[in-house]
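Taking it in order: structure first as structure tokens, then the write-up.
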Amino acid sequence: MTTSPRNTFKKSERLCSRILIDCLFQGDSRSVSAFPIRAVFTPSEEVSGVSILISVPKKRFHHAVDRNRVKRQIREAYRKNKHQFIEQVAQSGKGLLVAFLYVSDKMESTEYIEKRVVRLLDKMGEAL
RNA sequence: GCAGUUGGACGGUCUGUCGCUUGCUCCACGCGGAGUAUGAGGAAAGUCCGGGCAACAGAGAGCAUCCCGCUUGUUAAUUUGCAAGCUGUCGGUGACGGCAGGGGAAACGCAGAAGAAAAUAACCGCCUCUCGCCAGGGAGGUAAGGGUGAGAAGGUGAGGUAAGAGCUCACCAGUCGGGUGGUGACACCACGAGCUGUGCGUCCCGGGAGUUGCAAGGUCAUGUAUACCGGUGUUUGAGGGUUGCUCGCCCGAGCCGGAGGGUAGACCGCUAUAGCCUGUCGGCAACGUCAGGCACAGAUAAAUGACAGACGCUACGAGCAUGACUCGUAGUACAGAACCCGGCUUACAGGCCAACUGCUUUC
RNA sequence: CGGGAUGUAGUACAGUUGGUAGUAUACUUGGUUUGGGACCAAGGGGUCGCACGUUCGAGUCGUGUCAUCCCGA
């Protein structure tokens with residue numbers, strides 16, 4: 001592969017801190033949705049770049065296997081298509097916290113999920 | 001050959017691209033980068049049991065409370081564990097499987113509806129005596145027949161009787177005592193005795209039970225405030241501990257309520273052990289003894305993946321060169337570690353191995 | 001991940017020792033009123049989450065299973 005940016009997904013790109021998560025869900029964060037996924041995001045100066053988390057509610061998928069499957073699908077889709085979005089965020093000068101929430105109660109194909117994630121990233125890029 | 005029972009072991013393989021976790025090495029030593037190794041299960045699940053481990057508590061006596069319950073073994077594991085058995089009951093032609101199981105014909109309590117009556121039984125019926133012209137009435141005896149019910153005074157037959165009744169006898173079932181066999185639950189008997197309703201509970205016997213759970217608990221860092229209000233008390237003893245209560249004993253200046261403030265990071269615990277494999281010996285077996293070998297996930301908003309292709313397996317259909325051939329279509333399960341083990345239970349496409357059972361065919 | 005609780009009429013809840021499942025509200029019908037509400041009278045409505053077991057007989061006792069909720073640095 002000779003593509004210039006590598007499609008990595010390191011620990012530093014994930015949102016792990018409990019404080020930042022509380023700040024994301026309590027405050028005046030905005031959201032966009034592209035069914036079956038909804039994204040909640042808020043700018044923050046405490047992080048550099050983009051930190052994301054993926055959430056699949058237990059209420060919609062009772063089995064851990066299914067939840068893991070959906071989370072992995074979303075993660076792969078983000079990993080492959082994140083570069084343009086990250087550049088847009090970098091131009092704004094702040095970091096960004098993003099939560100991807102799966103709101104459907106049906107499993108979808110990986111291809112479909114990837115298309116929806118790309119659409120979601122475009123929408124968020126415009127909203128900035 | 002087909003159908004089945006029990007036990008055991010398995011539950012995909014390979015290639016490519018892009019990624020993730022952890023360990024090690026090297027380069028950078030500011031964040032990181034490169035290489036290499038490594039990475040889910042038989043149930044990781046439900047959390048139904050039992051342990052390990054950890055923190056706290058713990059002088060003692062009596063009385064309650066709760067839990068467990070066929071036997072003998074086995075295990076770290078009183079059990080809803082395991083193995084080999086016992087008894088009863090249900091299912092199956094059978095191999096076999098499911099469920100229940102301390103004692104109690106010692107005593108006491110309770111038993112809706114139905115029924116005359118639920119345990120010192122007389123409604124109908126049967127029999128005797130008696131009153132009466134008759135119809136019928138009264139006194140008494142009787143548990144063989146009737147219907148109710150889960151259960152009706154052990155069951156069947158004969159004798160006996162006014163009619164009947166373990167009233168007597170024979171056989172059968174059960175109980176207690178005795179004998180024989182077995183470690184034992186129990187089994188068996190030309191034995192003896194008495195004469196026996198069903199269910200639940202109280203009761204009796206034996207054994208057991210401190211509490212909380214890795215978000216236990218410990219170290220470091222960051223940060224702050226017991227600032228304030230009310231009640232009560234300091235030898236005239238508040239309050240607390242001692243499992244629930246009582247006694248007894250101990251601690252002894254704070255305690256209770258309200259209303260608040262701060263942290264939300266890192267590390268240890270954290271994976272090596274009732275560990276796995278092979279063999280020997282003991283045992284019907286579960287399991288144990290000894291010897292040798294092996295090292296096998298540690299994440300933390302939570303890694304172990306995503307996509308594409310090929311193969312394998314199963315089912316169905318088609319083809320002709322009728323073979324374990326080719327082509328097409330569909331399917332390829334249940335399910336994801338979170339302190340660690342052992343067991344149980346529940347879910348599960350598909351095939352494999354061993355022993356056994358029934359039916360059919362051939363010799 | 002660990003610990004705990006609850007499933008009963010459309011809704012919210014009772015139901016101790018196992019023995020004909022009730023209360024409130026909602027619903028239906030009738031009365032009262034010029035009409036409606038309130039009130040009075042009568043009535044209907046239940047797989048007691050599901051399955052199996054113990055028992056003569058389970059809402060209740062036992063086991064399994066499904067769903068919902070709560071607590072825990």
Side-chain angles (χ1 to χ4, degrees):
Chain A
M1 291 289 283
T2 54
T3 49
S4 43
R6 288 161 44 82
N7 298 325
T8 57
F9 185 67
K10 289 289 180 189
K11 184 71 172 290
S12 59
E13 300 175 56
R14 292 183 220 168
L15 181 49
C16 302
S17 164
R18 208 189 184 94
I19 307 170
L20 294 177
I21 294 167
D22 285 344
C23 150
L24 174 60
F25 283 105
Q26 278 174 5
D28 46 351
S29 46
R30 286 179 286 171
S31 71
V32 291
S33 65
F35 191 82
I37 307 168
R38 194 162 77 93
V40 178
F41 63 98
T42 190
S44 169
E45 296 177 1
E46 297 182 44
V47 293
S48 61
V50 182
S51 289
I52 70 157
L53 75 85
I54 302 162
S55 173
V56 180
K58 196 172 191 174
K59 205 160 189 171
R60 303 194 189 280
F61 296 96
H62 296 296
H63 296 293
V65 173
D66 301 330
R67 289 198 297 276
N68 282 348
R69 161 93 185 160
V70 172
K71 281 153 85 173
R72 282 163 180 160
Q73 283 176 323
I74 297 174
R75 197 178 67 206
E76 288 294 305
Y78 175 77
R79 185 170 68 78
K80 287 180 181 170
N81 300 286
K82 65 179 181 177
H83 296 293
Q84 197 190 348
F85 179 65
I86 288 176
E87 275 180 39
Q88 284 179 323
V89 173
Q91 283 168 10
S92 74
K94 281 185 180 178
L96 193 69
L97 308 175
V98 185
F100 289 95
L101 308 177
Y102 198 78
V103 293
S104 172
D105 52 3
K106 279 192 296 186
M107 303 268 287
E108 299 289 352
S109 71
T110 304
E111 197 181 346
Y112 180 72
I113 298 244
E114 187 166 345
K115 277 201 289 190
R116 303 310 291 178
V117 168
V118 169
R119 173 119 180 77
L120 211 51
L121 292 176
D122 289 347
K123 274 185 165 181
M124 273 197 288
E126 290 168 20
L128 279 172

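Everything quoted here is computed from the prediction, not taken from an experiment.
Pairing partner, B:A266: B:U219, with both Watson-Crick or wobble hydrogen-bond distances short of 3.5 Å. Across all strands shown, B:U226 remains unpaired; no Watson-Crick or G-U wobble contact has both distances below 3.5 Å. Remark: B:G112 base-pairs with no nucleotide; criterion is Watson-Crick or G-U wobble with both hydrogen-bond distances under 3.5 Å. The base-pairing partner of B:U80, taking Watson-Crick or G-U wobble contacts with both distances under 3.5 Å, does not exist among the strands shown. When both pairing distances are held under 3.5 Å, B:C327 makes a Watson-Crick or G-U pair with B:G317. Remark: B:A190 base-pairs with no nucleotide; criterion is Watson-Crick or G-U wobble with both hydrogen-bond distances under 3.5 Å. The partner of B:A310 is B:U13, judged by Watson-Crick or G-U wobble contacts that both fall below 3.5 Å. When both distances must be under 3.5 Å, the Watson-Crick or G-U wobble mate of B:G260 does not exist.
Nucleotides B:A297 and B:A302, compared at atom C1', are 14 Å apart to the nearest Å. Rounded to the nearest Å, the gap between the P atom of B:C287 and that of B:A9 is 11 Å. Comparing the P positions of B:U47 and C:C69 gives a spacing of 15 Å, expressed to the nearest Å. For the P atoms, the distance from B:C267 to B:U300 is 9 Å, rounded to whole Å. Nucleotides B:G101 and B:A193, compared at atom C1', are 30 Å apart to the nearest Å. With C1' as the reference atom, B:A272 and B:C296 are 10 Å apart, rounded to whole Å. Comparing the same atom, P, in B:C90 and in B:A114 gives a spacing of 32 Å after rounding to whole Å. Rounded to whole Å, the C1' atom of B:C129 lies 41 Å from the corresponding atom of B:A113.
Both A:M107 and A:I37 are part of a single hydrophobic cluster, where members link through side-chain heavy atoms under 4.5 Å apart. Follow the hydrophobic side-chain contacts under 4.5 Å out from A:V98 and you reach A:I86 in the same cluster.
For the pair A:E108 CD and B:A306 C1', the computed distance is 17 Å after rounding to whole Å. Rounded to an integer number of Å, the gap from A:Y102 OH to B:A301 P is 24 Å. Regarding A:H83, its NE2 atom lies at a distance of 13 Å from the P atom of B:C18, rounded to whole Å. What separates NZ of A:K71 from P of B:U304 is a distance of 10 Å, to the nearest Å. The distance from atom CZ of A:R79 to atom P of B:A303 is 15 Å, rounded to the nearest whole Å. In this entry the distance linking CD of A:E76 with P of B:A306 reads 8 Å, nearest Å. As rounded to whole Å, 14 Å separates atom P of B:C20 from atom OH of A:Y78. Look at CD1 on A:I74: it is 13 Å from P on B:A303, rounded to the nearest Å.
By the 4.5 Å heavy-atom criterion applied to side chains, A:R67 and A:Y102 are not counted as neighbours. Using a 4.5 Å heavy-atom threshold, the side chains of A:I54 and A:Y78 count as separate. Under the 4.5 Å side-chain criterion, counting only non-hydrogen atoms from C-beta, A:T110 is in contact with A:R69.
Comparing B:C307, B:U304, B:G336 against the side chain of A:A64 picks out B:G336 as the nearest.
A glycosidic torsion no more than 90° from 0 defines the syn conformation; B:U17 lies beyond that range and is anti. Glycosidic conformation of B:C214: anti, with the torsion beyond 90° of 0. Glycosidic torsion of B:G166 falls within 90° of 0, placing the base in syn. Base orientation at B:G42 is syn, since its O4'-C1' glycosidic dihedral falls within 90° of 0. Glycosidic conformation at B:A100 (O4'-C1'-N9-C4 for purines, O4'-C1'-N1-C2 for pyrimidines): anti, more than 90° from 0.
Of the inter-residue distances, the one linking A:I74 atom CD1 with A:E108 atom CD reads 11.0 Å to the nearest 0.5 angstrom. Residue A:K82 holds its NZ atom at 8.5 Å from CD1 of A:I52, rounded to the nearest 0.5 Å. The NZ atom of A:K71 sits 5.5 Å away from the CG atom of A:N68 when rounded to the nearest 0.5 Å.
A residue-by-residue look at A:H63 and A:S109 shows that A:S109 has its nearest nucleotide of RNA chain B further toward the 5' end. For A:R69 and A:I54, each mapped to the nucleotide of RNA chain B holding its nearest heavy atom, the one lying further toward the 5' end belongs to A:I54.
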(message) Could you spell out the base pairing of RNA chain C as a dot-bracket line? Use Watson-Crick and G-U wobble contacts where both distances are under 3.5 Å, [ ] for crossing pairs, | for partners on a different strand.
(response) (((((((..((((.....[..)))).(((((.......))))).....(((((..]....)))))))))))).
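Applying the 4.0 Å criterion to OP1 and OP2 of B:A306, one finds that A:T110 has every side-chain N and O outside that range. One finds no side-chain N or O of A:R67 lying less than 4.0 angstrom from the OP1 or OP2 phosphate oxygen of B:A302.
Counting any heavy atom pair closer than 4.0 Å across all strands shown, A:R75 reaches sugar-phosphate atoms only and no base atom.
Salt bridge status for A:R79 with A:E76: present, with a side-chain N to carboxylate O gap under 4.0 Å.
For the side chain to side chain contact (heavy atoms under 4.5 Å, CB included) test with A:F85, the passing option among A:L120, A:L121, A:V118 is A:L121; the others fail.
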